[in-house]
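Data block below; observations after.
Computed over heavy atoms, backbone and side chain alike; hydrogens, waters and symmetry mates excluded. Computed from a predicted structure; not experimentally measured. Order of appearance sets the numbers: ligands from 1, and atoms from 1 within every ligand.
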Amino acid sequence: MTSAVQLLRDQVAKELQGSVTIIVLGASGDLAKKKTYPALFGLYRNGFLPDNVRIVGYARTKMDHQDYLNRVTQYIKFGEDSDKLESFKELLDYVSGQYDDDTSYQNLDQFIYKSEVERSIDAGKRNRVFYMALPPSVFVPVAKGLKRNVYAKEGINRVVVEKPFGMDSDSSNHLGRELSALFSENEIYRIDHYLGKEMVKNIMNLRFANVLFGHAWDRKFIDNVQITFKEPFGTEGRGGYFDEFGIIRDVMQNHLLQVLTLIAMERPISTDSEAIRDEKVKVLKCIQPIAIEDTLLGQYVAADSNPGYLEDETLKNKDSLTPTFAAAVCWINNERWEGVPFILKAGKALNEAKVEVRIQFHHVAGNLFSGSARNELVIRIQPKEAVYMKFNNKQPGLSYQTIQTDLDLTYHQRYSDLHIPDAYESLILDVLRNDHSNFVRDDELERAWNIFTPLLHKIETHDSEVDIKQYAYGSRGPKELDAFVKKYGYHRDEKADYTWPLQNVNPSANKL
Ligand SMILES: NC(=O)C1=CN([C@@H]2O[C@H](COP(=O)(O)OP(=O)(O)OC[C@H]3O[C@@H](n4cnc5c(N)ncnc54)[C@H](OP(=O)(O)O)[C@@H]3O)[C@@H](O)[C@H]2O)C=CC1
Ligand SMILES: O=C1O[C@H](COP(=O)(O)O)[C@@H](O)[C@H](O)[C@H]1O
């Protein structure tokens with residue numbers, strides 16, 4: 001057992017002395033079965049759940065105990081730990097009830113209170129963690145019902161709220177006011193699961209623990225930054241949800257903007273959660289609202305027997321103009337970044353699955369080796385987690401030619417027995433440890449919405465400047481994309497003929 005792991009376990013035990021009941025609201029849903037319960041199992045398997053813990057699912061669907069167990073464990077990968085899965089199941093209960101009915105919540109409260117885990121407490125506290133795996137439309141009634149009826153009077157309460165937090169500045173502020181009237185900011189954890197991803201958590205280490213990067217991290221050295229999210233599948237089955245939100249709210253306003261803040265913020269005074277979030281807010285304040293001229297929007301159409309967005313059976317509005325692809329440029333008006341475009345790109349139904357940050361440096365001034373390519377630092381968030389630096393080198397041998405190559409830290413090659421926990425596992429552990437660093441603070445959220453709200457309103461009112469380009473399912477996005485990134489300074493050196501060697505390698509095949 002490593003000391004770091006033991007430290008985390010000790011932090012949980014110290015924070016939550018007594019009993020802990022984790023209540024998963026919306027336990028019948030997609031997120032609960034795909035992410036929340038597998039993450040809870042991962043924590044249990046690794047000894048991070050406190051000894052005196054119970055997990056109670058809550059939703060309207062009526063299910064018997066076995067149906068519930070089958071549903072919430074279907075996505076759990078247990079490998080050789082089938083006995084652990086059986087003992088995990090013994091921690092699980094289910095209560096069915098409504099989301100807007102006090103009697104249902106009183107029933108839930110009584111169920112928890114009478115459970116062995118709370119009854120057995122004579123010292124310590126009866127702590128409760130509420131995880132809202134629910135659509136945003138019910139966040140407020142559920143929060144009110146919980147506060148009135150299920151709030152722990154003799155222990156710590158924590159409320160985890162899923163994204164999206166609102167639709168725009170006004171609705172988000174409204175939601176924020178409703179929640180903060182019920183729970184303190186310290187009790188609320190606004191989850192953005194990208195903040196739990198290994199390579200996103202690594203950004204601060206890369207920037208602030210390396211003298212090399214620290215000194216080259218500004219407008220004097222960096223020409224442009226791209227943060228890219230690509231998914232190879234469409235909205236199939238989620239058209240109802242997606243059409244209301246669109247790609248900008250689904251991925252860009254939250255996940256990609258969070259990555260941007262970590263790349264762009266100043267060094268926090270410490271690694272304390274408030275110090276980090278203070279710096280994130282400061283940099284968000286320097287970003288002007290995104291202008292429609294700085295965007296490229298798209299919607300996918302059918303190709304190679306894959307349906308177009310408008311053919312999605314779950315989509316009600318068959319004339320929808322909701323973008324499924326967006327590229328949008330953020331400008332940060334501060335001393336460090338003025339003039340450097342941060343190009344956010346996100347799309348569904350593209351040619352590959354990939355999330356990465358690509359930082360392109362300026363050309364070498366007065367270069368002896370004319371024509372040599374620009375340096376690029378790439379942080380590959382998923383899949384195939386890696387950090388690699390594209391740089392120029394003499395062609396080995398008799399030749400004096402300069403070629404583009406890389407310094408490559410590919411995790412699956414470098415670290416043997418690599419286990420990267422799922423983002424949700426890491427974030428739920430943070431909730432138990434009471435660490436808010438990787439959660440979104442209320443003022444941070446407000447600033448994030450300010451950057452996107454004018455653009456979103458223009459798109460929704462079908463402003464004459466809005467132009468949604470079509471792109472084929474499985475393509476690289478709208479054909480205008482290459483010219484778009486070029487316009488903002490991105491320079492791809494075709495002559496260099498470089499591709500990252502790991503591009504087409506399956507990481508599991510590389511496992512040492
Ligand atoms: N699914 C995913 O991969 C991700 C989801 N999220 C977020 O997590 C939250 C939950 O998502 P997900 O699990 O996919 O959602 P679901 O649509 O599966 O909803 C979860 C549960 O909420 C109840 N529910 C659904 N619709 C309504 C409604 N209109 N009114 C009241 N209750 C309703 C249902 O339970 P019952 O009817 O039994 O009460 C359902 O099982 C959302 O905020 C989503 O944005 C975030 C990241 C990824
Ligand atoms: O929040 C969301 O994220 C997923 C992508 O998450 P990832 O961990 O698989 O990268 C996205 O598919 C979904 O549309 C969005 O709601």
Heavy-atom contacts with [X] under 4.0 Å: which atoms of ligand 1 show up? List them by number with element.
| X | value |
| --- | --- |
| Ala59 | 38 (O), 39 (O) |
| Ala133 | 10 (C), 20 (C) |
| Pro136 | 43 (O) |

Are Lys35 and Asp30 close enough for a salt bridge, meaning some N to O gap below 4.0 Å?
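No, this pair does not count.
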Does Lys316 pair with Asp243 as a salt bridge, N-O distance under 4.0 Å?
no
Residues in side chain to side chain contact (heavy atoms under 4.5 Å, CB included) contact with Gln470, at least two apart in sequence or another chain:
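Testing Gln470 for side chain to side chain contact (heavy atoms under 4.5 Å, CB included), a comparison that skips the adjacent residues, returns Val301.
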Compute the centroid of each ring, for Tyr37 and then for Phe41, and state whether the two points are separated by less than 6.0 Å.
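Distance test on ring centres: not under 6.0 Å, no.
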Give yes if a backbone or side-chain nitrogen or oxygen of [X] is under 3.5 Å from a nitrogen or oxygen of ligand 1, and no if not.
| X | value |
| --- | --- |
| Tyr241 | no |
| His193 | no |
| Ala32 | no |
| Tyr424 | no |
| Lys163 | yes |

Expected contact list for ligand 2 at under 4.0 angstrom, heavy-atom basis, is Lys163, His193, Tyr194, Lys197, Phe229, Glu231, Arg238, Tyr241, Asp250, His255, Lys348, Gln382
side-chain contact (heavy atoms from CB on, under 4.5 Å) with Phe439: which of Asp192, Ile188, Leu195, Asp430?
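Among the candidates, only Asp430 passes.
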Of the side chain and backbone of Leu134, name the one, both, or neither that has a heavy atom under 4.0 Å from an atom of ligand 1.
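Both the backbone and the side chain of Leu134 come within reach of ligand 1.
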